[in-house]
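Encoded as structure tokens, the structure appears first; notes follow it.
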Amino acid sequence: MKKILLKSLSVFLSLVLLSAQTHVLAAAPINTGLPGMEESAFVLDENQLDLAMGELYELDSYLSVNEGVTYADLEAMNSDLIAGISDITAPLGIAQDGDPLFGIPAFWWGCILGWVGWLLVYVLTDQDSALTKRAFTGCLISSGASVVLSVLYYFVLYDAWY
């Protein structure tokens, strides 16, 4: 009897809360305090884009005329064309050609996808033991975290009902 009363009381209180929120939202306009934005900020201005990309266009035209010139050649000549440009081929560790894991660290494969990610790392890297261990570590950490959170959730619910 106690459980039925508690459940019906909780449903009634949630309906009261929902009704109160609905009335509050319908009664007054919402002032978020965020400043307004001009729509023109989202319109593409091709002239401004061409101005910003001018240096790259100049470098591209130079490289198309002088085929075979590399970054190292331009660096040796102290060329102004590469000022402010680095020779990084994969910024921020993004996938490089031939990268079996698509630029995603093995730990995150195991952490996010669990045992499936661990298996994928094992298969994609041709059984590379170092990467497989990292994926296994990620799998263990995410599994352990989910077990700890499940136990905490159970005890919080258990304490709430009894």
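The analysis underlying the following values was restricted to heavy atoms, covering all of them including side chains, and did not include hydrogens, waters or symmetry mates.
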Point to revise | side-chain contact (heavy atoms from CB on, under 4.5 Å) between Leu44 and Glu46, intermediate numbers included | key: CA-CA 6 Å; Leu44 177 64; Glu46 291 189 22; 4.1 Å; yes

Heavy-atom side-chain proximity of [X] to [Y] below 4.5 angstrom:
X      : Y      : value
Leu56  : Met53  : yes
Glu55  : Leu81  : no
Trp108 : Leu113 : no
Thr70  : Asp73  : yes
Thr132 : Gln127 : no
Leu131 : Tyr122 : no

Review point. If only atom types and distance count, is the side chain of Ser150 paired as donor or acceptor with the main-chain N or O of Ser146 below 3.5 Å?
Key: yes

Practice item. Check for a donor-acceptor pair, side chain of Ser142 on one end and backbone N or O of Cys111 on the other, with a separation under 3.5 Å. Key: yes

Separation between [atom1] of [X] and [atom2] of [Y], rounded to the nearest 0.5 Å:
X      : Y      : atom1 : atom2 : answer
Leu17  : Ser10  : CG    : OG    : 12.0 Å
Ile82  : Met77  : CD1   : CE    : 8.0 Å
Asp128 : Arg134 : CG    : CZ    : 8.0 Å
Lys133 : Thr137 : NZ    : OG1   : 9.0 Å
Ile112 : Cys139 : CD1   : SG    : 12.0 Å

Can you get from [X] to [Y] by hopping between Ile, Leu, Val, Met, Phe, Trp and Tyr side chains that sit under 4.5 Å apart?
X      : Y      : value
Leu18  : Phe12  : no
Leu59  : Leu51  : no
Val69  : Val65  : no
Tyr62  : Tyr57  : yes
Val151 : Tyr154 : yes

Check your understanding: Does Ile4 CD1 have over 12 foreign heavy atoms under 6.0 Å away?
Key -> no

Check your understanding: More than 12 foreign heavy atoms under 6.0 Å from OH of Tyr153: is that the case here?
Key -> no

Exercise for review: For Trp109, check ring pair (Phe, Tyr, Trp, His ring centres under 6.0 Å) against everything at least two apart and list the hits.
Suggested key: none

